Protein chains: 2
Amino acid sequence: MTEDIKRVAREHLATEGADLSLRAVARDVGMVSSAVYRYFSSRDDLLTALVVDAYDELADAADEAERAAPRRDPHARWMALARGIRAWSLAHPHEYALLYGSPVPGYQAPEDTVGPASRPQLLLAQILRDAVAGSAVFPAPGDRLASGLRADMVTAAEFLDLGDVPAALVVRGLVAWTQLFGALSFELFGRFEGGITDADALFEFEMRAMSDYLGLRSAAH
Amino acid sequence: MTEDIKRVAREHLATEGADLSLRAVARDVGMVSSAVYRYFSSRDDLLTALVVDAYDELADAADEAERAAPRRDPHARWMALARGIRAWSLAHPHEYALLYGSPVPGYQAPEDTVGPASRPQLLLAQILRDAVAGSAVFPAPGDRLASGLRADMVTAAEFLDLGDVPAALVVRGLVAWTQLFGALSFELFGRFEGGITDADALFEFEMRAMSDYLGLRSAAH
DNA sequence: TCCGTTACGAGAGCGGTGCTCTCTTCTAGA
DNA sequence: TCTAGAAGAGAGCACCGCTCTCGTAACGGA
């Protein structure tokens with residue numbers, strides 16, 4: 001039953017967006033609204049369940065896309081990861097907005113979303129780790145990091161299990177990650193409406209630029 | 001009266017966020033909800049007015065910050081612009097979400113927002129134009145642009161009145177712009193909660209990286 | 001001065017929302 | 001067979017956006 005409600009809610013999410021109505025979902029399931037509260041303690045609770053599912057779906061899709069790239073080619077893996085994330089996001093714009101858009105008013109993402117939320121980042125972390133281990137990354141220039149920034153990067157490196165990845169590369173990974181989701185947000189939230197017609201080409205350019213910025217080596221690049 | 005309503009609505013926006021209630025605004029103004037409809041034909045109409053105002057405020061703040069930087073130092077101007085945009089955004093998180101966050105469900109930004117929406121971008125355009133005119137930019141490497149992407153950049157260059165700025169630099173400007181707003185969205189939408197403590201330092205690093213990427217020359221850089 | 005027009009606001013009401021409370025029914029286990 | 005608990009129904013509360021009607025006050029022209 002819980003799965004039934006989530007399924008219908010996902011459909012509503014896909015068509016109407018984040019302002020899904022618990023009553024409408026209940027109607028579609030064939031229940032009265034109060035009955036839904038047997039399974040979800042509130043509308044936010046239902047939303048949280050969808051958020052967690054969406055993170056997992058995104059991570060699965062990205063993981064699968066990334067796995068198709070040759071293991072020893074970090075550039076190809078990065079591009080595959082980025083394309084995989086974008087493909088899922090374009091196919092699920094409302095879910096994307098839920099995950100990476102403005103926070104739903106009055107909705108505070110609870111603790112149990114941070115685990116799933118970090119899964120996509122772990123995929124990039126793994127690429128960087130493998131690249132460093134396999135010497136498939138050009139040595140990062142000696143960026144001077146402010147002490148607070150360096151400390152944050154060390155913490156992040158521990159959290160993401162980035163063994164030998166230097167802090168200077170970690171922060172560059174964060175820059176690339178920011179670029180990726182900035183690009184997706186621009187595209188999905190309609191900021192390209194007036195002007196950009198070839199969003200595919202722009203995205204490819206951006207991700208290639210980030211690959212260069214990360215210093216990822218590639219067989220054919 | 002219209003200004004009165006907008007003022008109160010802005011206050012509500014600052015405290016509650018995008019789900020502002022027309023009735024609550026009316027109460028605070030001292031009117032009954034139906035009276036508000038004399039001034040705004042719908043809640044979306046009121047929201048649009050706030051959006052336009054917010055774009056203008058942001059552009060004004062960014063413009064003022066940018067003007068404080070030396071005219072012939074494009075790096076300093078870019079950093080000042082970025083810092084100005086960030087400062088306004090941190091001071092007005094809900095407005096930022098309204099402008100650059102996920103689209104409000106069921107709300108379609110009407111035509112009259114595209115003008116104000118392009119104002120901030122024009123500030124970057126001016127920096128690039130001056131930098132090229134004053135030879136204060138390292139020649140952009142010969143990035144190969146896909147034909148569709150090149151065409152889009154030419155169109156954008158016309159729209160933004162970028163005279164001699166080459167397409168390869170225009171697209172880099174777009175990359176930097178994307179990075180800027182990606183960073184702000186991450187910060188403002190709470191994606192830094194677990195880990196980043198020195199957001200200032202990270203932002204400085206990112207914007208400096210983008211300045212390098214753009215090839216902006218600086219007296220002391 | 002009188003009258004008609006117009007702007008402005010109040011009020012009731014419609015259908016929708018999230019959520020709570022109470023009540024009934026149904027089912028599984030002792 | 002009896003009982004405890006789960007599951008759903010229904011009514012109701014306070015809120016929402018929005019529409020319609022009505023009263024009032026101000027103003028301009030004859």
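Below, chain A is the first sequence line, B the second, and so on; all start at residue 1. Treat the numbers as computed from the prediction; the structure is a model and nothing was measured.
- Taking a cutoff of 4.0 Å between a charged side-chain nitrogen and a carboxylate oxygen, B/Arg67 and B/Glu64 do not qualify as a salt bridge.
- Taking the six-membered ring where tryptophan is involved, the planes of B/Phe186 and A/Phe181 are tilted, since the angle between them lies from 30° to 60°.
- Between B/Leu20 and A/Met1, the residue anchored closer to the 5' end of DNA chain D is A/Met1, taking for each the nucleotide with the nearest heavy atom.
- Distances shorter than 4.0 Å separate none of the side-chain N or O atoms of B/Arg38 from OP1 or OP2 on C/dC8.
- Between the side chain of B/Ser34 and the base of C/dG9 there is no donor-acceptor pair of N/O atoms closer than 3.5 Å.
- A sub-4.0 Å separation between OP1 or OP2 of C/dG18 and a side-chain N or O of A/Ser21 is present.
- If you take CG of B/Leu22 and P of D/dT19, they are 11 Å apart, rounded to a whole angstrom.
- Donor-acceptor pairing under 3.5 Å, judged by distance alone, is present between the side chain of B/Arg23 and the base of D/dG17.
- In this structure, A/Tyr37 places its OH atom 18 Å from P of D/dG12, rounding to the nearest Å.
- For A/Leu47 and C/dG18, the CG to C1' distance is 13 Å, given to the nearest whole Å.
- C/dT20 atom C1' lies 19 Å from atom CZ of A/Phe40, rounded to whole Å.
- A/Asp28 pairs by the side chain to side chain donor-acceptor pair (under 3.5 Å) definition with A/His12, not counting sequence neighbours.
- Taking both residues in full, the closest heavy atoms of A/Arg71 and A/Glu66 are given as NH2-O, 2.7 Å, listed atom of the first, atom of the second, then distance.
- Taking the nucleotide of DNA chain D with the nearest heavy atom to each of B/Ser33 and A/Ala35, the more 5' of the two is matched to A/Ala35.
- In this structure, CZ of A/Arg43 is placed 8 Å from P of C/dC19, rounded to the nearest angstrom.
- Counting distance only, with no hydrogens placed and no angle test, the side-chain atoms of B/Ser42 and the base atoms of D/dG17 include no donor-acceptor pair under 3.5 Å.
- With hydrogens and angles ignored, the 3.5 Å screen pairs a side-chain donor or acceptor of B/His94 with a backbone N or O of B/Leu13.
- Taking atom CG on B/Asp4 and atom C1' on C/dC8, their separation rounds to 15 Å, with Å as the unit.
- Summary of the strand contacts: A/Arg27 and B/Gly30 both lie near DNA chain C, and taking for each the nucleotide with the nearest heavy atom, the more 5' one is attributed to B/Gly30.
- Phosphate contact (OP1/OP2 of C/dG9, side-chain N/O of B/Tyr39, threshold under 4.0 Å): present.
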